[in-house]
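Have a look at the structure below before the remarks.
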Amino acid sequence: MKLPINILEGTRFTCQSCGRCCQGWTVPVDEETVKRLRAHDWGGEPFEPLKGSSHPYRIRLVNDRCFFLDAKNHCRIHNEISYEAKPAACRAFPLAVLEVAGAQYARLSYWCPTVVANEGKLLENQGRWLTDTARS
């Protein structure tokens with residue numbers, strides 16, 4: 001049985017492509033994602049080993065920016081392949097769905113300036129994104 005996802009009323013978010021989410025983070029990736037993305041020519045090696053994690057790799061940072069972030073703060077995976085090709089952590093950000101005491105809650109990261117400003121579509125109208133993130 002799928003639990004309903006509790007959302008703070010009035011919470012809003014729509015990505016503004018500022019690129020902040022792609023800076024300063026370690027993004028873990030699994031073998032399947034690495035293999036799939038290495039099939040594309042990125043002009044360099046986008047991954048490096050990640051020790052002490054359940055994921056064997058992470059996306060390499062270049063000057064504290066994600067390897068895949070272009071000069072206009074757009075994701076090259078998203079632009080050159082598709083949104084669905086992005087690692088799960090990237091598709092979900094800034095959303096996390098947490099289960100606490102048998103209930104699910106949506107939480108947004110304040111690392112994202114759009115979340116801080118509470119701008120964009122109401123989260124309650126983004127059910128697909130919520131349920132997809134809860135599954136991953």
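Quick caveat, the model's predicted, so the values are computed rather than measured.
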Minimum heavy-atom separation for Ile5 and Ala134, please, with both atom names. CD1-CB, 4.0 Å
Hey, are the side chains of Phe13 and Cys112 touching, using non-hydrogen atoms and a 4.5 Å cut-off? yes
Where do Leu61 and Gln23 land on the side chain to side chain contact (heavy atoms under 4.5 Å, CB included) test, with the steps shown first? CA-CA 8 Å; Leu61 294 177; Gln23 299 175 46; over 6 Å; no
Answer yes or no: is there a side-chain heavy-atom contact under 4.5 Å between Phe67 and Phe47? no
Member of Leu123, Asn118, Thr114 meeting the side chain to side chain contact (heavy atoms under 4.5 Å, CB included) criterion with Arg12: Asn118
Quick test of your reading: applying salt bridge (charged side-chain N to carboxylate O under 4.0 Å, His left out), list the pairs with at least one residue in residues 47-61, sequence neighbours left out, ordered by first then second residue. Glu48-Arg58
Applying salt bridge (charged side-chain N to carboxylate O under 4.0 Å, His left out), can you list everything that pairs with Glu45, at least two apart in sequence or on another chain? Arg38
Assess whether side chain to side chain contact (heavy atoms under 4.5 Å, CB included) is satisfied between Cys75 and Lys86, documenting all intermediate values. CA-CA 9 Å; Cys75 175; Lys86 293 165 63 169; 4.1 Å; yes
Path from Val97 to Tyr110 over hydrophobic side-chain contacts below 4.5 Å: yes
Could you work out, with salt bridge (charged side-chain N to carboxylate O under 4.0 Å, His left out) as the rule, every residue matching Asp30, not counting sequence neighbours? none
Are Leu8 and Leu95 co-members of a hydrophobic cluster defined by side-chain heavy atoms under 4.5 Å apart? no
Side-chain heavy atoms of Glu99 within contact of Tyr105, under 4.5 Å: no
Leu50 backbone acceptor or donor facing Ser53 side chain under 3.5 Å: no
With a 4.5 Å cut-off on side-chain heavy atoms, are Pro113 and Cys18 touching? yes
Of all pairs that satisfy salt bridge (charged side-chain N to carboxylate O under 4.0 Å, His left out), the ones with a partner from residues 105-125, not counting sequence neighbours: none
What one should report as the nearest heavy-atom pair of Cys22 and Leu69 is CB-CD2, 3.7 Å
Contacts of Arg20 meeting salt bridge (charged side-chain N to carboxylate O under 4.0 Å, His left out) (sequence neighbours excluded), chain-then-number -> none
Check whether any side-chain heavy atom of Val27 sits under 4.5 Å from a side-chain heavy atom of Cys66, and report yes or no. no
Interatomic spacing from CG in Asp64 to CH2 in Trp25 - rounded to 0.5 Å: 11.5 Å
Indicate, with yes or no, if Tyr57 and Val62 share a hydrophobic cluster defined by side-chain heavy-atom contacts under 4.5 Å among Ile, Leu, Val, Met, Phe, Trp and Tyr. yes
Once rounded to the nearest 0.5 Å, what's the spacing between atom NE2 of His78 and atom OG of Ser17? 8.0 Å
Could you check if a side-chain atom of Ile7 sits within less than 4.5 angstrom of a side-chain atom of Leu122, using non-hydrogen atoms only? no
Are Tyr83 and Leu130 connected in a single hydrophobic cluster, I mean Ile/Leu/Val/Met/Phe/Trp/Tyr linked by side-chain heavy atoms less than 4.5 Å apart? yes
Trp129 versus Ala92, closest heavy-atom pair with distance: CZ2-O, 3.1 Å
With sequence neighbours excluded, residues passing ring-ring contact (aromatic ring centres under 6.0 Å, His included) with Trp42: His40, Phe68
Atom pair CG (Leu37) and CD (Glu32), whose distance is rounded to the nearest 0.5 Å: 10.0 Å
Check Thr26 against Pro28 and note the closest heavy-atom contact, atom names and distance. O-CD, 3.3 Å
Does any non-hydrogen side-chain atom of Val29 lie less than 4.5 Å from one of His55? no
Are any non-hydrogen side-chain atoms of Asp70 and Asn79 less than 4.5 angstrom apart? yes
All heavy atoms of Thr14 vs all of Gly120, minimum pair found to be OG1-CA, 3.2 Å
